[in-house]
Amino acid sequence: EDPDPILIAQTRQTMGLDQPLPFQYVQWLGRVVRGDLSISYRSGKPVLAELVTRLPATLYLLGVALVMAIVLSVVAALVAVATQDHWPDRLIRLLTQVGASVPSFLVGLLLLQYLIVGAKIGRVLSNGAMELVLLPAFCLALLKAANWTQLLRANMLEALGANYTLVARARGAKKIRVLLRYVLPNAALPFLTALGVSIGTMIGGAPIIEEIFTWPGVGHYVLQALNARDFPVVQGFVLLSGLSYVAASLLVDSVNMWVDPRIRERRTL
């Protein structure tokens, strides 16, 4: 039944919605600083507790997807550079273009239809078990692996023509040693920067994949909150994604300074 105006006014007063918007924002910001992300409209429980409960499943999914994307991109880039302008290189470039243009949710739906439902590989309803993480992790990793492969291949080809690479080859170093010892480390800095920036976008893209595979993580919970207009949960998730993006960027900057001494020298000067 529709609530009467008196009940609506009482609820607005209880939730603080009768206050001016700037005052509401200051109050919300003050609670966030204290670790209070408000109360979920649906469950009546603290949003922070609800997110923390589901966070391990999401972190596990993102960790596997991140490792998978790094391995795929590094291996594909090495093969592409080692076979430049030959059929493996052309095939990898074609696959990366396709992988970078296909949405992750479409890949997830195809895997769900043909592998899980058709071939009976995995489960339709996931419970967060370790053995069920590969398919959703692959969906999250595919787009990033394609983009990172293109970036890493371009940087490696640039490093392959540098003077230190030419000197190493002139001294008789094998091509695989040149790629692993000289080319890959010098091409890794832009790759690490892209890696850090992409972590935040992976967290933002997790809800769709978690919903498709019913993965019991933060993303699945947030989509349910969106459908129910549970705004405190949505605000908490957006805040979590933003903080993760900032933390990943700071971590990558620190790693870049540790890997490349030239950055430390510029900072010192």
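Here the structure is a predicted model, which means the values were calculated and not measured.
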Taking all atoms of both residues into account, what is the closest heavy-atom pair of [X] and [Y], and its distance?
X	Y	result
V47	V233	CG1-CA, 3.9 Å
A100	L143	O-CD1, 3.3 Å
A57	P216	CB-O, 3.4 Å
A194	W148	O-NE1, 3.9 Å
P190	L151	O-CD2, 3.7 Å
L61	A137	CD1-N, 3.5 Å

What do the steps show when you test N147 against Q150 for side-chain contact (heavy atoms from CB on, under 4.5 Å), and what is the final call? CA-CA 5 Å; N147 291 329; Q150 293 173 343; 4.2 Å; yes

Take atom [atom1] of [X] as the centre, draw a 6.0 Å sphere, and report whether it contains more than 12 heavy atoms from other residues, nucleotides or ligands.
X	atom1	result
D4	CG	yes
R177	CZ	no
Q13	CD	no

Examine [X] and [Y] and state if one hydrophobic cluster contains both, with Ile, Leu, Val, Met, Phe, Trp and Tyr joined whenever side-chain heavy atoms are less than 4.5 Å apart.
X	Y	answer
I92	L142	no
I176	V74	yes
L239	L223	yes
V102	I209	yes
V238	Y41	no

Would you sort out whether M68 and L140 count as a side-chain contact (heavy atoms from CB on, under 4.5 Å), showing the intermediate values? CA-CA 9 Å; M68 193 179 294; L140 280 175; over 6 Å; no

Treating [X] as the side-chain partner and [Y] as the backbone partner, does any N or O pair qualify as donor plus acceptor under 3.5 Å?
X	Y	result
Q24	Q19	yes
T165	A159	yes
T214	E211	no

Is any side-chain heavy atom of [X] less than 4.5 Å from a side-chain heavy atom of [Y]?
X	Y	result
L55	L240	yes
L160	L179	yes
T149	L72	no
L184	L152	yes
L78	M156	yes

Apply the test side-chain contact (heavy atoms from CB on, under 4.5 Å) to residues L226 and V234: give CA-CA distance (whole Å), side-chain angles for both, the deciding distance (0.1 Å), then the verdict. CA-CA 7 Å; L226 278 171; V234 179; 3.6 Å; yes

Atom [atom1] in [X], atom [atom2] in [Y]: separation rounded to 0.5 Å?
X	Y	atom1	atom2	value
L51	F237	CG	CZ	9.0 Å
S40	Y221	OG	OH	4.0 Å
L21	W28	CG	CH2	13.5 Å
R34	L29	CZ	CG	10.0 Å
M15	Q10	CE	CD	14.0 Å
R181	N186	CZ	CG	9.0 Å

Listing request: all ring-ring contact (aromatic ring centres under 6.0 Å, His included) pairs with a residue in residues 92-119, at least two apart in sequence or in separate chains. none

Keeping to residues at least two apart or across chains, list the side-chain hydrogen bond (donor to acceptor under 3.5 Å, both in side chains) pairs with something in residues 151-160. D89-R153

Quick one: side-chain hydrogen bond (donor to acceptor under 3.5 Å, both in side chains) partners of E210, sequence neighbours excluded?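 If we apply the side-chain hydrogen bond (donor to acceptor under 3.5 Å, both in side chains) test to E210, skipping adjacent residues, the hits are T58.
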
Given the rule in the side-chain contact (heavy atoms from CB on, under 4.5 Å) test, do L48 and D36 qualify, once you have shown the distances and angles that lead to the verdict? CA-CA 7 Å; L48 183 61; D36 181 8; over 6 Å; no

Could you list the cluster mates of I39? Members are the ILVMFWY residues connected by side-chain heavy atoms closer than 4.5 Å, either directly or through other members.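 Joined to I39, directly or through intermediates: none.
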
Running the 4.5 Å side-chain criterion over Ile, Leu, Val, Met, Phe, Trp and Tyr, what cluster does I6 land in, apart from itself?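 None, because no other hydrophobic side chain comes under 4.5 Å of this residue.
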
Decide whether S38 and Q235 meet the rule of one side-chain donor and one side-chain acceptor closer than 3.5 Å.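 On atom types as modelled, these side chains do not qualify, holding no pair under 3.5 Å.
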
For R42, give me all partners under salt bridge (charged side-chain N to carboxylate O under 4.0 Å, His left out), at least two apart in sequence or on another chain. D230

